[in-house]
Amino acid sequence: MRLFNSLSRKIEEFHPLDPSQTRIYSCGPTVYNDAHIGNLRAYVFTDTLRRTLNWKGRAVQHVINITDVGHMTSDQDEGEDKMELASQKMARDIWQIADHFTRAFKNDLLRLNILRPTLWSTATDHIHDMIAFARVLERAGATYELESGLYFDTTRVPDYGILSLTPQEGQTEGARVERVEGKRNPSDFAIWRKSSATAQRQMEWWSPWGPGAPGWHLECSVMSMKYLGTRFDIHTGGIDHREIHHCNEIAQNQAYTQQSHSGANWWMHNNFLIDRTGKMSKSKGEFLTLSSLVARGIHPLAFRLFALSTHYRSELEFSIDTLAGQLIRLKRLVGAVSALRRKVEPAAWMRVPAEIGFSSGASFSWPRSILERDLPAAGQTLLDHFERELIEDLMIPRALPLLDETLNHATLPPEAKLRILASMDLVLGLKLLTLQRSDLSLRPERAELSVTEVETLMTQRQQARRAKDFATADQVRNRLNAAGVELMDGQEPAWEWRPILE
RNA sequence: GGCCGGGUGGCGAAGUGGUCCAACGCAGAGGUCUGCAAAACCUUCAUUCGUGGGUUCAAAUCCCACCCCGGCCUCCA
């Protein structure tokens, strides 16, 4: 299997350090707000990576962190932090804020059918680990203390910034954030931020440098090492982390281990989901969440399919129409699978798609062996092709058409098609075999009719049709159409909600 | 300002020298089915790859210039 490595900016043959288990660390969210759909793209990517490794027979140890320590808010209000700000806005304790948005985040992942990591690791559970780590950095002479905190001296490690390809001379200190007085080098960053004498933070801890909070980059070095060791296989994150956050993490790792190795063999970054006005940004205020899509009647898995339709290293242009198109596509896929199911007797293998959700990182060898047992040669060919796309840096956009190829195959028996699709879906996570078309029709929050009202009108229309009173039947249909309901006479389901796209 | 990445049909998006003179999905068009409509299914849909030059037997794919877009420059997936 070949994966793009941001360290070399090349696709390289992947070999895990430990053949029995691949160790992955994924940078998680800061939980001061709902995740926007751009954030969520990162976890669809991570999940696809993990599922692909599992599909290829590798077990994974996957850690995702939760950043529940607030960091600075924005260019404007230096000194405030996002967690504190959210706390004030919502008039709630900062710990409640963290808890609330952590739950919301995990719920989003659940709705997107993102497999849970082997371990969730939360920053505030590791403050003392961070202090211990920082002291090692201090003893190694990699830090210096200022009025505002303990800083990392980036000249103390070899090749600082290799990940970014950005020459230090090109950096303009303070281009976006106010400069810190006394820093030795523009690229130096905070290891520990001291609380100001005047304002106590809700979240602060006593440390060798006084009360304060850890620098943002520290937690990832500390938690990845704690659970995955000083060397592990893959570290993932959004592309915005490539230039700063991950460079700083690497610097910390190097200073801590006294080695030039970055810590992870592979650094992988997903590109942004963008809209016409630029990247989706939490700090700019308005942004789309998964819940806001659901409120419009768009199923979360339509977003998953949307995210899968583009290679993870390409920018993905957001449009609600394209998203709605993916919902249609998903409905057609699910409908086609249901049609096949009606031709096939229930069988033991059908339990597999639902049971995969229990996985916390195990290889998919067992489920695949059940699904792919004694497939006809044509079926094996399709899966071979599927695999060729996966192992070339996760070419999911090229793998997706194989779903249609399988469904439309001229000679494969229905049961074989279903098992092939089930195996592919172990990677794609679209719930193709467990979902009904009706599951994908969500009532928009703003819909003017209730389900009961729709059902009543549907009955009226059917009675009118049976009585050949087509004027009444059409009248009811128009009424339903106007209320955002699509009719599909003689189908199962007989009607669906139309998503709201304006 | 510095650095990185990108501009492919109405939209999203594969493809980075010939076996693809451009996959796939959505939309559109025609058809089957249907009281009508929808759903479903079938067929169809870029002589062209931001613009202008160049290299080559051969370029969307390489080179140069220009235009436009996105990212990073210590909050961000």
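Note on naming: letters A, B, ... go to the chains in the order of the sequence lines (proteins, then strands), and numbering restarts at 1 for each one. None of the values given here were measured: they were computed from a predicted structure.
Taking the centre and axis of the six-membered ring of Tyr144(A), the NZ or CZ atom of Arg184(A) falls inside the cone set by 45° and 6.0 Å.
Separation of the C1' atoms belonging to U16(B) and C63(B) is 14 Å when rounded to the nearest angstrom. Across G50(B) and G15(B), the matching P atoms stand 15 Å from one another, rounded to whole Å. Taking atom C1' in both U55(B) and A59(B), one finds a spacing of 10 Å when rounded to whole Å. Comparing the C1' positions of G28(B) and C68(B) gives a spacing of 28 Å, expressed to the nearest Å. Comparing the C1' positions of A13(B) and A27(B) gives an interatomic distance of 14 Å, to the nearest angstrom. Rounded to whole Å, the P atom of G10(B) lies 29 Å from the corresponding atom of G5(B).
Not less than 6.0 angstrom separates the ring centroid of Phe189(A) from the ring centroid of Tyr151(A). Ring centroids of His241(A) and His269(A) are separated by 6.0 Å or more, keeping the two rings apart.
The base of G35(B) lies close enough to the side chain of Asp474(A) for a donor and an acceptor atom to sit less than 3.5 Å apart.
Between the side-chain ring of Phe272(A) and the base of G70(B), no stacking contact exists by the 5.5 Å and 30° definition.
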When you compare the protein's N or O atoms with those of nucleotides 39-46 of chain B, which come within less than 3.5 Å of each other, and at what distance?
unit_1 : atom_1 : unit_2    : atom_2 : d
A40(B) : OP1    : Arg332(A) : NE     : 3.0
A40(B) : OP1    : Arg437(A) : NH1    : 3.3
A40(B) : OP2    : Arg332(A) : NE     : 3.4
A40(B) : OP2    : Arg332(A) : NH2    : 3.3

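Along RNA chain B, the nucleotide closest to Glu486(A) and the one closest to Arg242(A) are compared, and the more 5′ of them pairs with Arg242(A).
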A correct 5'-to-3' footprint of nucleotides 7-14 of chain B, with B, S and - meaning base, sugar-phosphate only and no protein heavy atom under 4.0 Å, is ----SSSS

